[in-house]
Peer 1: 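Dropping a structure here in structure tokens format, bear with me for questions.
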Amino acid sequence: KKEWIMQAGRNILLKLLPVLDTLMLAQKHIEDKGIAISIDQFLNVLQEEGVTRIKTIGEKFDPNLMEAIGTMTGKEGQVIEETRAGFSLYDSVLRSAQVIVGK
């Protein structure tokens, strides 16, 4: 029963992450205080539920946590840019981060 509940929660979280992606993309294009507050609230609620954002920028590329979708000039194997945030749920990857890696 516990496993079923965990899977149901995981599925709901996976459905909500695209909404957060849209807010984060909007924030990149429109520096709006309201959007920033909404993103912070969203991230706080996720954190309360055991979801944490995977650190990427400046980190060494880790294929267990990240998906490389491209490369660009930069330090070999280091994440240069994040194109989609990744998240973990407790100790497992909920969604891999999509990143650009230095070559």
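Below, all heavy atoms of this structure are taken into account, side chains as well, without hydrogens, waters or symmetry copies.
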Peer 1: With a 4.5 Å limit on heavy-atom distance, are the side chains of Ile54 and Thr56 in contact?
Peer 2: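 With C-beta onward as the side chain, the pair touches.
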
Peer 1: I'd like to know if Arg53 and Glu82 make a salt bridge, using a cut-off of under 4.0 Å between side-chain N and carboxylate O.
Peer 2: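 Salt bridge flag = yes for Glu82 with Arg53.
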
Peer 1: Determine whether Val93 and Val79 fall in the same hydrophobic cluster, where Ile, Leu, Val, Met, Phe, Trp and Tyr are linked whenever their side-chain heavy atoms lie under 4.5 Å apart.
Peer 2: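 Val93 clusters together with Val79.
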
Peer 1: Quick one: do Tyr90 and Leu46 end up in the same hydrophobic cluster if we chain Ile, Leu, Val, Met, Phe, Trp and Tyr together by side-chain heavy atoms under 4.5 Å apart?
Peer 2: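 In one cluster: yes.
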
Peer 1: Return the CG to NZ distance between Leu23 and Lys28, rounded to the nearest 0.5 Å.
Peer 2: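 That separation rounds to 13.0 Å.
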
Peer 1: Under a 4.5 Å side-chain heavy-atom rule over Ile, Leu, Val, Met, Phe, Trp and Tyr, are Ile39 and Leu13 clustered together?
Peer 2: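 Yes.
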
Peer 1: For Gly58, does its backbone N or O pair with a side-chain atom of Gln78 as donor and acceptor, under 3.5 Å?
Peer 2: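 A pair under 3.5 Å: yes.
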
Peer 1: Answer yes or no: is there a donor N or O on one side and an acceptor on the other, between the side chain of Thr71 and the main chain of Lys103, under 3.5 Å?
Peer 2: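 No; zero donor-acceptor contacts below 3.5 Å.
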
Peer 1: Are Leu14 and Val51 linked, directly or through intermediate hydrophobic residues, by side-chain heavy-atom contacts shorter than 4.5 Å (ILVMFWY only)?
Peer 2: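 Val51 and Leu14: one cluster.
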
Peer 1: Carefully, step by step, assess Ile80 and Val101 under the rule side chain to side chain contact (heavy atoms under 4.5 Å, CB included).
Peer 2: CA-CA 5 Å; Ile80 306 296; Val101 182; 6.0 Å; no

Peer 1: Kindly determine whether Val99 and Ile57 satisfy side chain to side chain contact (heavy atoms under 4.5 Å, CB included), including the steps that lead there.
Peer 2: CA-CA 8 Å; Val99 297; Ile57 305 295; over 6 Å; no

Peer 1: Can you tell me how far CD1 of Ile35 sits from NE2 of His29, rounded to the nearest 0.5 angstrom?
Peer 2: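 Between His29 NE2 and Ile35 CD1, I get 10.5 Å after rounding to 0.5 Å.
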
Peer 1: Taking a hydrophobic cluster as the set of Ile, Leu, Val, Met, Phe, Trp and Tyr residues connected by side-chain heavy atoms closer than 4.5 Å, whether directly or through intermediates, do Ile12 and Leu20 fall within one such cluster?
Peer 2: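 Result: yes, single cluster for both.
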
Peer 1: Check Asp21 with Arg95, please: is the shortest side-chain N to carboxylate O separation under 4.0 Å?
Peer 2: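 Asp21 and Arg95: salt-bridged.
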
Peer 1: Could you measure the distance from the CD atom of Glu59 to the CE atom of Met66? Nearest 0.5 Å is fine.
Peer 2: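 Here the interatomic distance stands at 6.5 Å.
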
Peer 1: Counting only heavy atoms not in Gln47, do more than 12 sit closer than 6.0 Å to its CD atom?
Peer 2: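 Not buried by this count: 12 neighbours or fewer within 6.0 Å.
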
Peer 1: Out of curiosity, Asn11 CG to Leu94 CG, how far, rounded to the nearest 0.5 Å?
Peer 2: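 If I round to the nearest 0.5 Å, the distance is 9.5 Å.
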
Peer 1: Phe42 vs Val19, test: side chain to side chain contact (heavy atoms under 4.5 Å, CB included). Steps then yes/no.
Peer 2: CA-CA 10 Å; Phe42 207 127; Val19 177; 4.0 Å; yes

Peer 1: If we ignore hydrogens and angles and just use 3.5 Å, is the side chain of Thr22 paired with the main-chain N or O of Pro18 as donor and acceptor?
Peer 2: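 Between the backbone of Pro18 and the side chain of Thr22 there is a qualifying donor-acceptor contact (under 3.5 Å).
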
Peer 1: Measuring from atom NZ of Lys55 to atom OG of Ser88, what distance do you get when rounded to the nearest 0.5 angstrom?
Peer 2: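 Rounded to the nearest 0.5 Å, the NZ-OG separation comes to 11.0 Å.
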
Peer 1: Measure the spacing between CG of Leu17 and CZ of Phe87 and express it to the nearest 0.5 Å.
Peer 2: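 Atom-to-atom, Leu17:CG and Phe87:CZ are 5.5 Å apart.
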
